[in-house]
Protein chains: 2
Amino acid sequence: MSVDISKQAIKRIPVYLHYLKEQKNSGAKIISAPFVAAALNLNEVQVRKDFAAMSTTRGKPKTGFILDELIDNMEVIAGYNNANEAILVGAGSLGKALLSYRGFEEYGLDIVAAFDNDEKIVGNIIGGKQILALSEIEKFCKENKVNIGIITVPAQAAQDVCDVLVDSGIRAVWNFAPANLTVPPGILVQNENMAASLALLSKHLREQIKKQ
Amino acid sequence: MSVDISKQAIKRIPVYLHYLKEQKNSGAKIISAPFVAAALNLNEVQVRKDFAAMSTTRGKPKTGFILDELIDNMEVIAGYNNANEAILVGAGSLGKALLSYRGFEEYGLDIVAAFDNDEKIVGNIIGGKQILALSEIEKFCKENKVNIGIITVPAQAAQDVCDVLVDSGIRAVWNFAPANLTVPPGILVQNENMAASLALLSKHLREQIKKQ
DNA sequence: TAGATTGTTAATCGATTAACAATC
DNA sequence: TAGATTGTTAATCGATTAACAATC
């Protein structure tokens with residue numbers, strides 16, 4: 001963990017963790033990089049480098065890494081154990097969907113409230129979370145030491161919402177809008193642009209169909 | 001469009017399109033790369049290169065690109081106009097959320113049915129889409145010429161589902177499970193790994209908090 | 001010891017950014 | 001013409017992959 005870990009390597013952690021836990025349940029105690037690489041269809045050197053960067057202890061030549069230790073180390077890096085509190089802004093179609101999704105807790109994300117500017121839905125409860133007015137964001141964040149803001153508003157409103165979040169003391173933004181957000185240094189914007197994924201899928205399909 | 005367009009450039013298309021359409025609505029007819037770059041906070045050369053690669057006609061020095069043409073070209077590449085039919089496998093928490101989400105149509109994705117192995121929910125209708133049994137996937141796909149499969153099952157089941165989809169004639173897989181899928185050549189796997197995004201967010205937060 | 005696995009340095013690759021000539 | 005913008009070639013950067021020595 002002393003070495004710098006690349007962004008791409010961190011993104012692979014959930015995949016590693018899932019497999020390593022599976023192996024642990026099967027009774028394994030030790031695991032080697034080439035073994036994992038073969039199982040996950042990844043390059044051997046990549047896995048070796050990732051493990052070397054993520055593990056607090058060195059691997060043992062000829063045997064590998066201690067499974068429990070590796071899992072612990074990765075969970076710390078990926079924040080699976082410490083719950084991060086988040087708010088969600090924009091309780092439209094996508095926002096509602098994410099509020100109802102029960103899977104984020106497993107990865108250490110806890111959505112504590114949602115906000116929307118539509119008075120008709122303010123006061124409602126979706127997925128057990130209350131919808132509050134946009135005007136209450138700053139007060140809520142400061143009182144509840146919220147660090148993460150999830151943006152699920154339309155693209156044209158995304159930057160304004162982002163600015164409010166930053167003013168409210170948010171340190172990381174998870175942006176689901178197809179918009180390029182500008183933030184001060186020190187604030188992270190993580191884009192989850194499903195439209196971008198669809199664009200790639202679509203381009204691939206068009207090329208595949210053209211080939212025939 | 002003659003030039004090869006990089007994956008990253010294609011991912012930027014939704015962001016470009018949103019902004020270009022906004023400009024069109026404001027009455028603009030012509031747009032230059034440096035102008036867009038400034039507005040979206042992107043590198044000028046990057047935008048210039050993207051536009052050059054995506055536009056069927058060349059830009060005019062000193063003026064720029066014809067807005068309508070640029071929008072059309074990008075929509076074709078990103079497949080906004082031709083509806084791609086998709087099925088979703090795994091109607092659990094995340095699957096239900098995506099089925100209820102009304103936003104994909106805008107980007108040319110049409111989820112026509114969902115599949116699950118839980119007999120208790122087979123036959124239900126979520127978001128207007130019927131839930132069918134897993135055993136019917138192949139028949140359904142072949143009869144309805146479905147090209148895209150969306151995987152929202154738990155990670156340990158993802159590869160099996162993927163294999164079924166490939167056998168059913170699917171050409172592109174949108175994978176929401178934190179699993180590394182293996183597919184034959186010619187099939188695209190697009191990972192939408194939200195756990196990966198959360199890992200990055202979490203790492204950033206830990207570093208920010210440590211700094212103080 | 002022999003051989004598998006680790007760790008590290010070098011080469012490669014894709015994408016971004018810089019520099020600059022061509023054009024309207 | 002002068003100047004802004006395009007298109008293209010070269011330099012840089014981050015990440016992946018290859019090569020190889022060190023170690024148990």
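Residue numbering restarts at 1 for every chain, and letters A, B, ... go by the order of the sequence lines. Quick note: numbers below take in every heavy atom, side chains included, and nothing from hydrogens, waters or symmetry partners. Everything quoted here is computed from the prediction, not taken from an experiment.
- Between B:Arg171 and A:Glu207 there is no salt bridge, since none of the side-chain N atoms of the basic residue sits less than 4.0 Å from a carboxylate O of the acidic one.
- Between the P atom of C:dC13 and the CG atom of B:Asp4 lies a distance of 16 Å, rounded to the nearest Å.
- The environment of B:Lys24 atom NZ is sparse: at most 12 non-hydrogen atoms of other residues, nucleotides or ligands sit within 6.0 angstrom.
- In the model, B:Asp50 has no side-chain atom that pairs as donor or acceptor with a side-chain atom of B:Gln46 under 3.5 Å.
- Taking a 4.0 Å limit (strictly below) on heavy-atom distances, residues 173-186 of chain B does not reach DNA chain C anywhere.
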Verdict with supporting geometry, B:Lys29 and B:Glu69, salt bridge (Lys or Arg N to Asp or Glu O under 4.0 Å): CA-CA 10 Å; B:Lys29 297 287 175 210; B:Glu69 240 179 62; over 6 Å; no

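- If you measure from atom CD1 of A:Ile31 to atom P of C:dT6, you get 10 Å, rounded to the nearest angstrom.
- For A:Lys142, the salt bridge (Lys or Arg N to Asp or Glu O under 4.0 Å) partners at least two apart in sequence or on another chain are A:Glu138.
- Counting only distance, with no hydrogens or angles, the side chain of A:Asn175 and the backbone of A:Ala179 share a donor-acceptor pair below 3.5 Å.
- For the pair B:Phe65 and B:Ala52, the tightest heavy-atom approach, listed with the atom from each and the gap, is CZ-N, 4.3 Å.
- Backbone-only engagement by B:Phe65 is indicated by non-hydrogen atom pairs under 4.0 Å involving sugar-phosphate atoms exclusively.
- Within residues 32-40 of chain A, the residues that place at least one heavy atom under 4.0 Å from DNA chain C are, in residue-number order, A:Ser32, A:Ala33, A:Pro34.
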Quick one: what's the B/S/- string for nucleotides 15-24 of chain C, heavy-atom cutoff under 4.0 Å, read 5' to 3'? SSBBB---BB

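- Atom CZ of A:Phe140 is surrounded by more than 12 heavy atoms from other residues, nucleotides or ligands within 6.0 Å.
- A:His18 and B:Gln156 form a side-chain donor-acceptor contact under 3.5 Å, judged by distance and modelled atom types alone.
- In this structure, B:Tyr19 has its ring center no closer than 6.0 Å to that of B:Tyr16.
- Residues that satisfy the salt bridge (Lys or Arg N to Asp or Glu O under 4.0 Å) test with B:Glu44, not counting sequence neighbours, are B:Arg48.
- To the nearest 0.5 Å, atoms CD1 (B:Ile71) and CE (B:Met54) are separated by 13.5 Å.
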Secondary-structure string, 5' to 3', Watson-Crick or G-U under 3.5 Å, | for another-strand partners, for DNA chain C: ..||||||||||||||||||||||

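- Atom NZ of A:Lys21 has more than 12 neighbouring heavy atoms from other residues, nucleotides or ligands inside a 6.0 Å radius.
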